[in-house]
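For reference, the structure is listed below as structure tokens.
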Amino acid sequence: MSADYRPMWTKLGLNLEKHDVLLGAVGQMYTGTYLSQKHRPEGMAYFDFVISEVHGLRIQEIVAAREAGRIVVGSFCTFVPEELILALDGVSVGLCAGAEWATDAAERYVPRNTCALIKSAFGFTADKVCPYLAVSTLIVGENTCDGKKKGWERFGDLVPNLYVIDLPQKKSDEGRALLRKEYQRFAEKLVELAKQPLTVEKLKAAIQTVNAKRLAMHRLDTLRQAEPAPISGLDVLLANQVFFYDDPVRFTTSVNKICDELEARIAKGEGVAPKSAPRLVVSGCPMAVPNWKIHAIVEQAGGVVVGDESCVGARGTQGLTDGSANTLEGLLDAIVDRYLGIDCAIFSPNPTRLEHLQAIARDAKADGVLLYTLQFCTPYLMESQAFETKLETGKVPALRIDTDYSNADSGQLKTRIEAFLERVAR
Ligand code: BJ8
């Protein structure tokens, strides 16, 4: 890190001792997983910098924004509309954590058989090691799976500024009406906090900013489909993760720069792995920083990840918000339409998720699919079982992986993934 941020962290109320341990562990993981890769695009240096300053420079920027009177909204789900936050000059940050942390503390609030993502959020919060959480004006939870829905009731004991958005379980007219009402209520809450009105001009501009960010990721997703793959799955995963933290305009510019570089690579037939490397798509639960486990195992074993059907991936960035309406009502309708297209497994039925996954696998010329789920995540576990059968019936090899954030099963996963790579060898 380029500066001494300890006074800032102290002011944010972090537990410095534990925070030091966390940063040390993430730094070590990053060096071992990312910096050891070969043939990385030069543009990835930007993301190396972002990660090295993830609790430093970026937090300093957000603290400055807050001191200038801007709201900071932290969230745990892709259903929280960033467009509304940006339209009110707010800063939007993702709060999901991808590391096993303070499990004992977390288990004082949620049962042992809760998914690692939820436990991690409780652990980070209870231990006071997350500056993004500490700097947030508002923390938004959303009623998706049962674990989150019931978890917020306990999370409210840990933070004073929790706001919960209700979500439909069905994509029916009634479901759409519920989401519309909830986004309207959320917009009103943001207006109250930001102490400024929501205007058509600002909402249109915000829609454009978020769409540009999504389009950059669509471009990256298309380029990674080339043979040989011009970028590793680990690097694209990192871009998908930073999507939730970084300044949106700077992020878009940086991803587009990498895409320019990839186009040049593709034109020369260059890649990060030989053309013969087995190509996999990973589908399932979201992977927040520093959850790089599965991609690292695949790529260290000689495979390459060429698609991510995940909220930290193509599920989260799919679709654009139509910014053509000239009224707030019309723009809000367009936001609802775009977000209702997210095919999270909490919806029942949820046919578009499998269709999307099949399209990703086809377009990426994938040799197989890894169905990744966190233990105790009922919605994704249920879908992964059904998906395995349907993919295999359609002659797409699939492997189900149920895991958590620990490394206890790394050896076993390595063996299973290596065997799968052999099965799908080109
Ligand atoms: S839109 S995927 S970000 S809810 S892993 S907490 S589902 S038990 S994260 Fe998600 Fe929004 Fe859906 Fe996306 Fe529950 Fe499963 Fe845990 Fe999960």
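Nothing here was measured: the structure is a model prediction, and the numbers come from that model. Ligands are counted one by one from 1 in listed order, and the atoms in each one are counted from 1 as well. By convention here, the first residue in the shown sequence is residue 1.
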Answer yes or no: is there an ion pair linking [X] with [Y], defined by an N-O contact shorter than 4.0 Å?
X      : Y      : result
Arg214 : Glu83  : yes
Asp48  : Arg40  : yes
Glu388 : Arg400 : yes
Arg108 : Asp104 : no

Query raised in the report: Short question: side chain of Asp337, backbone of Thr321 - any donor-acceptor pair under 3.5 Å?
Result: no
For [atom], find the nearest protein heavy atom and state the residue, atom name and distance (0.1 Å precision).
atom                     : value
atom 10 (Fe) of ligand 1 : Lys148 NZ, 3.8 Å
atom 2 (S) of ligand 1   : Tyr380 OH, 3.1 Å
atom 15 (Fe) of ligand 1 : Cys377 SG, 2.2 Å

Query - Of Asp308, Asp235, Asp363, the residue whose pairing with Arg224 passes salt bridge (Lys or Arg N to Asp or Glu O under 4.0 Å) - result: Asp308
Query raised in the report: Under 6.0 Å between ring centres, would you say that holds for Tyr109 and Phe155?
Result: no
Query raised in the report: Would the Tyr163 and Trp152 ring centres measure less than 6.0 Å apart?
Result: no
Report summary line: Checking heavy atoms under 4.0 Å, the part of Cys115 that sits near ligand 1 is side chain
Of all the atoms in ligand 1, which lie at a distance below 4.0 Å from a heavy atom belonging to [X]?
X      : answer
Ile118 : 6 (S)
Cys285 : 5 (S)
Arg315 : 2 (S)

Query raised in the report: Are Gly147 and ligand 1 in contact, using a heavy-atom cut-off of under 4.0 Å?
Result: no
Query raised in the report: Once the angle between the rings of Tyr34 and Trp292 is folded into 0 to 90°, is it parallel (under 30°), tilted (30 to 60°) or perpendicular (over 60°)?
Result: perpendicular
**Report entry** Passing option when Arg66 is tested against Ile71, Thr137, Val91 for side-chain contact (heavy atoms from CB on, under 4.5 Å)
**Finding:** Thr137
Report task. Would you verify that at least one protein heavy atom lies under 4.0 Å from atom 6 (S) of ligand 1, or report that none does? Result -> yes
Report summary line: Taken by chain and residue number, the protein N/O/S atoms under 2.8 Å from atom 12 (Fe) of ligand 1 read Cys344 SG
